[in-house]
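One structure is given below, encoded as structure tokens.
The sequence lines fix the lettering, A, B, ..., with proteins before strands; numbering per chain opens at 1. As the structure is a prediction and not an experimental result, all values here were calculated from the model.
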Amino acid sequence: MTTGPGPTHRTPPTAQAGRAAPATIIFSPEQLAEVRRLQSLYPDKRGALLPVLHMAQDTFGHVSLEAETYVASLFALSPAHVHEVVTFYTLFFQQPKGRHVVAVCHNLSCHLAGAQRIIAHCKETLGIDVGETTADGRITLQAVECLCACEHAPMAQVDDRYELDLTPDKVGRLLAGLA
Amino acid sequence: MTEKILTRNFGRADSHTLAVYRETGGYKALDKAAAMQPAAIVEEVKKSNLRGLGGAGFPTGMKWSFIPRGHTGPVYLVVNADEGEPGTFKDRYLLERDPHALIEGMIITARAIRSALGFVYIRGEYVEPWRRFSTAVREAYEAGYLGRGFDIVVHRGAGAYICGEETGLISSLEGLKGWPKLKPPFPAIKGAFGAPTIVNNVETLAHVPHIVNRGAEWFASLGTKTQGGTRIYSVSGRVKRPGIYETSVGITLRQLIYDEAGGVAGNGRLKAVVPGGSSAALLSADEIDVTMDVDGLKNVDSMIGSAGVIVFDETVSIPDALVVVARFYAHESCGQCTPCRESTGWIYKMARRIAEGHGRKEDLDTILDVAKRGAGTTICAFYDGAVGPYISYIEKFRGEFEALIPRA
Ligand SMILES: Cc1cc2nc3c(=O)[nH]c(=O)nc-3n(C[C@H](O)[C@H](O)[C@H](O)COP(=O)(O)O)c2cc1C
Ligand code: SF4
Ligand code: FES
């Protein structure tokens, strides 16, 4: 018995991310084996719901109602239960997201270090508001609460990475580098 | 300067690997603990005066002793690595730079509470810490430290501050939305999956191997009369050297800011300090001669909480800061209790209109009244954690708020 879902857990966003049409909502046989392994780690298999929802999001790009229903079937849970869980957590997207997610922290330490300037610069550069995705499906912009890297304020999470000690210039270069 | 214990290896290359952990004496406490009766380990931790470093400061050994005697079913150990308290970042360092210390602490704790299965709940945003910790767990399995009577499951959260509250965390671990539960029953009696469960913070458990190795007296002597040891202070905001600082819990806030973190940045003059994460009541500049242990902060009606220190210099607008804090609590309330759900939203609205220059004359008193009425009436301590800042920001800097409210 080992740890969480392992290295395959966070696959890079696939073609399904962005605005492309969602593929069929179904896991591969290997993924189904992984689901069963995860479920076996918990005294009640329902404990594996968050890990499997992470898997679903990584595979399908976001957690659609169809994906919720599919995941529910793997746990013998009601789709309503899974929906309630998905909507509770900020890291699950119910709508297609950009190929990249830029989440700028605007909590206290980042606020003191100029988070608002960073957010304004992102909005201006991307031509979108917080919570929106660029028309080409490239970037979703968010303002989020403390990511607990306050010693490097202002900071942001870009996909899996923390980007620290931001300046408008630095964040501009970061945005430009996202394909 | 106190000896560094938790952070002693942070500067070493590859400090997160099993090889380096072993070279520096890692996994030696396991042998010692294996020769001790579970009750003796609990006793040792009690004597060490180790207190929970996640927020509530509860004595760790005493918590462990609440597992019902004679209980024969499963007991779970749950590690709270859902670090989310604004201003706190110490557990991130521990997971990334010394993951084996937590694993060793968990194995010893498991022996003390007779647990065969532990969960480590890591906040979803902490992808790199999760990878590092997962790799360390794999190493520990391969080396045979895990899998012989104790297993660890690493669990990722999905973004929700309230899952840092222990019963919310348990709900989340069980595949539910992260709603806290009414206590009692406390988790030690009925916790994860209905079984007795000990929830401890990452940093709390990382101390355990050292206590076993060097003894309770040694650990107790590092701190104050009522709290042993060192802890890691997260210092951010307007200081010259933001970062983590491990010192005795007997250090004063003034020493921490001026001697450790290099003093006040910005205009160089201190205005106020958040001493223990955003849920701790704000201290004004003349209240910083307090020791940074649980009781030191209690004495000035604040709390040490997660030991996240956020420094405000004189150029910081307190009303603006309150808007940021109030937005956070409005956003993160789980919505289960009426006072919390309604007041956090309402207070955020009032704080915002005051800061934007169209507050009403009665708004300040309304905020104070609403805050005080709701305190202590909710399922979990989240709302009390919001009330601390609401009241202290306004009571200690009332003039600054009033100056923004148009006169009728
Ligand atoms: C709203 C709220 C948020 C909390 N967040 C955390 C957290 O992020 N990490 C943590 O260890 N404890 C957090 N706690 C405290 C936990 O409920 C619990 O007391 C702690 O994990 C116990 O571990 P300890 O005794 O080792 O400190 C929080 C408490 C509340 C009320
Ligand atoms: S106090 Fe707030 S966060 Fe805690 S259970 Fe009630 S509504 Fe949820
Ligand atoms: S306030 Fe931005 S990381 Fe903590």
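- For residues 108-121 of chain A, every residue pair satisfying the side-chain hydrogen bond (donor to acceptor under 3.5 Å, both in side chains) rule, not counting sequence neighbours, is listed here: A:Ser109-B:Ser236.
- At least one side-chain heavy atom of A:Asp160 sits less than 4.5 Å from a side-chain heavy atom of B:Arg131.
- Centroid-to-centroid, the aromatic rings of A:His152 and B:Phe89 stay 6.0 Å apart or farther.
- Most heavy-atom pairs under 4.5 Å with chain A, from the set B:Lys90, B:Arg238, B:Arg241, B:Glu85: that is B:Arg238.
- Proximity to chain A (any heavy atom under 4.5 Å) is shown, for B:Tyr161, by neither the backbone nor the side chain.
- Here the shortest heavy-atom pairing between B:Val235 and A:Glu151 reads O-CB, 4.4 Å.
- The heavy-atom pair separating B:Phe193 from A:Asp44 by the smallest distance is CD2-CB, 3.8 Å.
- Contacts between B:Val311 and chain A at a heavy-atom distance below 4.5 Å involve the backbone alone (N, CA, C, O).
- Using a 4.5 Å cut-off between heavy atoms, B:Ile310 contacts chain A through its side chain alone, with no backbone atom that close.
- To the nearest 0.5 Å, atom CG of residue A:Leu53 and atom CZ of residue B:Arg156 are 11.5 Å apart.
- Per-residue heavy-atom pair counts under 4.5 Å with chain B were compared for A:Arg161, A:Arg46, A:Lys45, and the maximum is reached by A:Arg46.
- Counting all heavy atoms, side chain and backbone alike, B:Ala158 lies closest to A:Tyr89 at O-CB, 3.1 Å.
- A donor-acceptor pair under 3.5 Å is formed between the side chain of B:Arg327 and the backbone N or O of A:His106.
- Contacts of B:Glu332 with chain A are made by side-chain atoms alone, with heavy-atom separations under 4.5 Å and no backbone atom involved.
- Rounding to the nearest 0.5 Å places OG of B:Ser171 at 8.5 Å from CZ of A:Phe88.
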Output, in order, the C-alpha distance, side-chain angles, deciding distance and verdict of side-chain contact (heavy atoms from CB on, under 4.5 Å) for B:Glu128 and A:Tyr162.
CA-CA 9 Å; B:Glu128 194 52 35; A:Tyr162 273 18; over 6 Å; no

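- Contact of B:Arg123 with chain A is made through the side chain alone, with heavy-atom distances under 4.5 Å.
- Between chain A and the residues B:Leu176, B:Thr88, B:Val120, the most heavy-atom pairs under 4.5 angstrom are made by B:Leu176.
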Assess whether side-chain contact (heavy atoms from CB on, under 4.5 Å) is satisfied between B:His331 and A:Asn107, documenting all intermediate values.
CA-CA 11 Å; B:His331 182 257; A:Asn107 207 292; over 6 Å; no

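- By the 6.0 Å contact criterion, CZ on B:Arg352 is open, its count of non-hydrogen atoms from other residues, nucleotides or ligands being 12 or less.
- Using non-hydrogen atoms only and a strict 4.5 Å limit, the part of residues 139-150 of chain A facing chain B consists of A:Glu145, A:Cys146, A:Leu147, A:Cys148, A:Ala149, A:Cys150.
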B:His155 vs A:Tyr42, test: side-chain contact (heavy atoms from CB on, under 4.5 Å). Steps then yes/no.
CA-CA 10 Å; B:His155 183 95; A:Tyr42 297 82; 2.6 Å; yes

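- Enclosure of atom NZ in A:Lys170 by more than 12 non-hydrogen atoms of other residues, nucleotides or ligands within 6.0 angstrom is indicated.
- For a heavy-atom cut-off of 4.5 Å, chain B lies close to A:His81, A:Glu84, A:Val85 in residues 78-87 of chain A.
- The distance from the NZ atom of B:Lys177 to the CG atom of A:Leu50 is 13.5 Å, given to the nearest 0.5 Å.
- Within 6.0 Å of the CD atom in B:Glu356, the count of heavy atoms belonging to other residues, nucleotides or ligands exceeds 12.
- Contact annotation for B:Leu146: neither backbone nor side-chain heavy atoms come within less than 4.5 Å of a heavy atom of chain A.
- B:Leu322 contributes atom CG, which lies 10.0 Å from atom CG of A:Leu108 (distance to the nearest 0.5 angstrom).
- Checking side-chain atoms of A:His54 against main-chain N and O of B:Gly157 turns up a donor-acceptor pair under 3.5 Å.
- In this structure, chain A has heavy atoms under 4.5 Å from both the backbone and the side chain of B:Phe328.
- Residues forming a side-chain contact (heavy atoms from CB on, under 4.5 Å) with B:Pro196 (at least two apart in sequence, or on another chain): B:Ile67, B:Pro68, B:His71, B:Val75.
- Proximity to chain A (any heavy atom under 4.5 Å) is shown, for B:Ser172, by both the backbone and the side chain.
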